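Below is one structure, written out as C-alpha cells; the observations come after it.
Note that the coordinates shown come from a computational prediction; the quantities given were computed from them, not determined experimentally.
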Amino acid sequence: MCGLAGYFTSDALVNAQVLTAMADSIRHRGPDDEGIWLDEAAGIGFAFRRLSILDLSPAGHQPMASASGRFVIMFNGEIYNHLDLRRELGEQEWRGHSDTETLLAACEAWGFEATLKKAVGMFAIALWDRRERTLTLARDRMGEKPLYYGWQGKTFLFGSELNALRAHPAFRNDIDRNAIALQMRYCYVPAPYSIYQGIGKLLPGTFLTLPLGDKEGAHTRNAAPAPYWQLADAVRAGQANPFTGSDEEAVNELERVLRVAVKGQMLSDVPLGAFLSGGVDSSLIVALMQSQSGQPVRTFTIGFDQADYNEAEHAKAVAKHLGTDHTELYVSPEQALAVIPRLPTLYDEPFSDSSQIPTFLVAQMARRHVTVALSGDGGDELFGGYNRYFTARAIWRRLGWLPAPLRAALAAGIHALSPQTWDSLYQTMRPLVPVRLRTQRVGDKAHKLARILDAGSPEAMYTCLVSQWLDPATLVRASSEPPTLLSDAHSWAQASTFEQRMMYLDGVTYLPDDILVKVDRAAMGVSLEGRMPFLDHRVAELAWRLPLSMKIRSGAGGFEGKWALRQVLYKHVPRELIERPKMGFGVPLDAWLRGPLKPWAEALLEPARLTREGYFDAALVTATWREHQSGARNWQHQLWNVLMFQAWAEQQSARPATFPV
C-alpha cells in the first residue's frame, strides 16, 4: 500500500525537485520509503512513497526496474497470489520476495494485459516500457485503489491522489461545475470525472496505454482506456451459467471461495487485524480469519453513546465468541467533531458521505496497533444486503399502480409531519412492532419514502434513492450533469430482475466511488492498509452465479438480505448474536447541524459569501438551511454535500503552492 505519482512532458526537462514535491504531497500513503526515477531523454519521471507491507528490505524499493532493464514500475496495492505467480514463472534469480518484483517478471514473461488477468489483488500500476516508449496505467477490477490522470497543456500528470497532481507547476486549478452538480446528487464525483477540468479517474478493471515515442502525436492524447475485466461481464457470465446446486452446496462453495480470499489477504510482513462492527459482513471476515490463524486476531471497533448509532456492544459479543484480541473505543461527540476540519485534506476532492467521520476514527485507532486491517466492505453490493434491494421492489409493487396525483398526495401527507414527529409516533407504537422489524430513524426513512413516491418507473425510483439533491442543476450555477453509468441505461448489465440491476449499479458506482474512496482516504490518511476479501474477483464472480433467492429470501419477519453469507456465518457465530435490524455506520449529523456545527456551517453558507463565490444558488441553500434548522425537514445530507464542497474549496484556496511556478 503506497502512493505513486509521475508525469510526462514534451516541452521541458523532467525535474527531480518537482517529482519529490509530488511524492511529498502524498507522504501519508507511504511514510516508510521514497524514491524517484526519471528518464530525461524520454521526458518521463516516476515518484513513489512506500508503506512497507511485503519484503521490508531495500529489495522492495520502488520505482523498480525489471531484471532486463526494459520495464520500470510503480505499484500501489497488493498482489495476493504473487507466490502462485512466482511458481508459475518458474526458476528466476529473485532479488527479494516483494509482489512488485513478481509483477515485473510476469510482465516480461506474459505481457502486461495477460499479467493483469492473472493477478488477484488491489492495485494501481504505472509501467514504463523503455523499448516501446509506452506508459501504461492500470487499476484493479473493483476499484479499491485510486488513479487520477490527465493532460495539462503539454504535460501528462498521473497519481494516486489529486494532491500529487496539484504539486506540479503545470497543474491548472480549473474546477468543473458539472462535477459539482454530480457531487450534489451522489455525495461523490463519479468516475471517470474528477472535480477538475481535464483530469479524470481511471475506471476500475481498465488500463490505459500511451505511446509517448511521438511526443506530439494526436493518437497519444486520444488514447482511451481498455477493459481487462468488467463487472458487467461477470453478471452476464453468472446469468448464463448459474449455480445449480442445492442450498447446502452453494453455502459450502461460498465458504470455500471466501476462505481462500481471506487467507490470501492475511499475507503480511507487518502486524495485521480487522475492523469489526458486529454485523454480518465484518463478523464473517473475522470468523474466517480466526479459523485460519494460530493466534487471536486483532479486531477494532468504535462506539457512540447514542444508541441509534452504536454497534460496539454487538461487536464485543462477536469478538468474545470468536476469541479475538478486541479493542474498542467509545468516541465522544467532541472527538468526532474534531475530525471535520481534517476532511478537506483527507479527501482530495469534495466527498460528502458523512460516515467518513467514524471510518477515519476506527482507522486511526487501528493504526496504533496494526499496519494492515481487513474489512467487510463489498458484501452488501454483491449479496443483496441493502434494504433498498427488497423494499424498493415491494414499494413499487404496492404503490406503482396508483395514479401519479394520488402518489403525490401521499408524499405530501408524509412530508406534513416532521421526521421528529414520525419518530415520536413510532416510539409510541414500538412495543407492538415485532423485534425483527424494529428499526432506527423512522422519520428519515418516512421522508425518503415520500421522495420516491413520484417516481415513474422502478429505475427512476432507484435513481431517487441514490440521489441527495434531486435537481442539482438548479442548485449549482451554470452547470449541467454529464452522463454517468447511472444515467446511461445502454451501459447497464442485462440483469434479469430489478433487484439485480440495483446491485449491479451499486457495484460499479456507489461501491468504487463512495465506499472504497471513503475507506482508502481514511485508512491511508493514517498510513493504514485496508483490505477487502469480498472484492476478490473470484468471490464477485461466484456471487453473480448465485440465484437471487440465495441472496434475498423472505421469511416470517419479511425479506432478508445476504442469505448465503448468513448461512456461512452461522457456522461460526450463533444466530442470536447477529440477528438485528441493519444499522448504517453514521453519525447524528442532523442534530450536529442544529447544535455544535451550526456556527461553522453558517459561516460556510453565509448568503453573501455564496453569492460572491458563485457556485451555488444562495437563495435555495439558505431556504434549505432554515427549513432544517426549524426541524420541519431533515436536510442533513443535502446540506452536508454543500458544506463539504465549501470546506474543500476554502482549503484549496488557502493551500500554498507545493512547488514554485
Side-chain angles (χ1 to χ4, degrees), residues 183-184 186-188 277 301-312 329-347 350-365 418-424 426-427 439-448 468-469 475 514 518 521-522 525 583-607 609-610 616 620-651:
Q183 186 234 334
M184 292 302 109
Y186 301 118
C187 83
Y188 55 83
S277 70
T301 191
I302 61 169
F304 295 93
D305 291 330
Q306 300 97 320
D308 285 357
Y309 298 88
N310 183 43
E311 288 191 295
L329 171 69
Y330 270 79
V331 177
S332 69
E334 291 75 20
Q335 288 173 296
L337 291 168
V339 175
I340 292 174
R342 299 188 61 173
L343 296 178
T345 302
L346 277 172
Y347 294 87
F351 181 82
S352 38
D353 180 338
S354 61
S355 63
Q356 63 200 138
I357 297 171
T359 301
F360 172 78
L361 288 167
V362 72
Q364 184 181 56
M365 177 183 63
S418 70
Q420 290 86 345
T421 302
W422 281 111
D423 287 340
S424 297
Y426 174 74
Q427 288 304 318
T439 186
Q440 293 87 26
R441 301 187 287 282
V442 169
D444 288 346
K445 293 174 181 177
H447 276 230
K448 186 174 238 184
Q468 307 294 341
W469 291 88
L475 171 70
D514 185 313
K518 175 183 67 178
R521 302 306 194 279
M583 182 183 295
F585 196 37
V587 292
L589 190 59
D590 55 339
W592 287 357
L593 289 174
R594 297 186 185 101
L597 286 181
K598 184 176 179 179
W600 167 79
E602 285 185 326
L604 291 171
L605 303 181
E606 197 270 322
R609 173 177 178 167
L610 292 175
F616 298 108
L620 179 55
V621 174
T622 299
T624 305
W625 173 252
R626 288 174 177 169
E627 192 170 27
H628 182 82
Q629 291 301 311
S630 74
R633 298 287 294 275
N634 181 3
W635 294 118
Q636 59 176 339
H637 300 302
Q638 291 81 356
L639 290 167
W640 193 247
N641 284 2
V642 177
L643 287 165
M644 283 294 95
F645 176 84
Q646 288 291 95
W648 174 86
E650 182 177 70
Q651 191 265 353

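Under the 3.5 Å distance criterion, the side-chain polar atoms of Q646 are matched with a main-chain donor or acceptor of L604. Under the 3.5 Å distance criterion, the side-chain polar atoms of Q629 are matched with a main-chain donor or acceptor of L593. Checked by atom type and distance alone, the side chain of E606 never pairs as donor or acceptor with a backbone atom of A603 at under 3.5 Å.
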Trace of the side chain to side chain contact (heavy atoms under 4.5 Å, CB included) decision for D353 with Y186
CA-CA 9 Å; D353 180 338; Y186 301 118; over 6 Å; no
From CA spacing to verdict: side chain to side chain contact (heavy atoms under 4.5 Å, CB included), Q183, Q468:
CA-CA 9 Å; Q183 186 234 334; Q468 307 294 341; over 6 Å; no
Verdict with supporting geometry, Q356 and R521, side chain to side chain contact (heavy atoms under 4.5 Å, CB included):
CA-CA 9 Å; Q356 63 200 138; R521 302 306 194 279; over 6 Å; no
Before you tell me yes or no, could you show the steps for L643 and W600 under side chain to side chain contact (heavy atoms under 4.5 Å, CB included), namely the whole-Å CA-CA distance, both residues' side-chain angles and the distance that decides it to 0.1 Å?
CA-CA 9 Å; L643 287 165; W600 167 79; 4.0 Å; yes
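Between atom CH2 of residue W640 and atom OG of residue S352 there is a gap of 9.0 Å, rounded to the nearest 0.5 Å. How far CG of L620 is from CD of Q638: 10.5 Å, rounded to the nearest 0.5 Å. Taken from CG in L610 to CH2 in W625, the straight-line distance is 11.5 Å, to the nearest 0.5 Å.
Ion pairing of R609 with E650 is present here, as a side-chain N (NZ or NE/NH1/NH2) and a carboxylate O approach within less than 4.0 Å.
The aromatic rings of F616 and F645 sit perpendicular to each other, their planes meeting at more than 60°, with 30° as the lower class boundary.
In this structure, the side chains of E311 and F304 stay at 4.5 Å or more apart for every pair of heavy atoms. By the 4.5 Å heavy-atom criterion applied to side chains, R342 and F360 are counted as neighbours. Counting heavy atoms from C-beta on, the side chains of V587 and P358 come closer than 4.5 Å. Looking at heavy atoms from C-beta onward, I357 lies in side-chain contact with W592 at the 4.5 angstrom threshold. Residues L597 and L589 form a side-chain contact, since some pair of their non-hydrogen atoms from C-beta on lies under 4.5 Å apart. Annotation: side chain of H628 is not in contact with side chain of R633 (no heavy-atom distance under 4.5 Å). No side-chain heavy atom of L329 sits less than 4.5 Å from a side-chain heavy atom of L361. For the pair N641 and W469, the minimum side-chain heavy-atom distance is below 4.5 Å.
Smallest separation of non-hydrogen atoms from D590 and Q636: N-OE1, 2.9 Å. Of all heavy-atom pairs between P607 and T622, the closest is CG-OG1, 3.5 Å. L475 and V642 make their closest contact through CD2-CG2, 4.2 Å (heavy atoms, listed as atom of the first residue, atom of the second, distance). Shortest non-hydrogen contact noted between T359 and V362 is O-CG1, 3.3 Å. Taking both residues in full, the closest heavy atoms of Y347 and K518 are given as OH-O, 2.9 Å, listed atom of the first, atom of the second, then distance. Taking every heavy atom of both residues into account, C187 and D514 meet most closely at SG-OD2, 3.3 Å.
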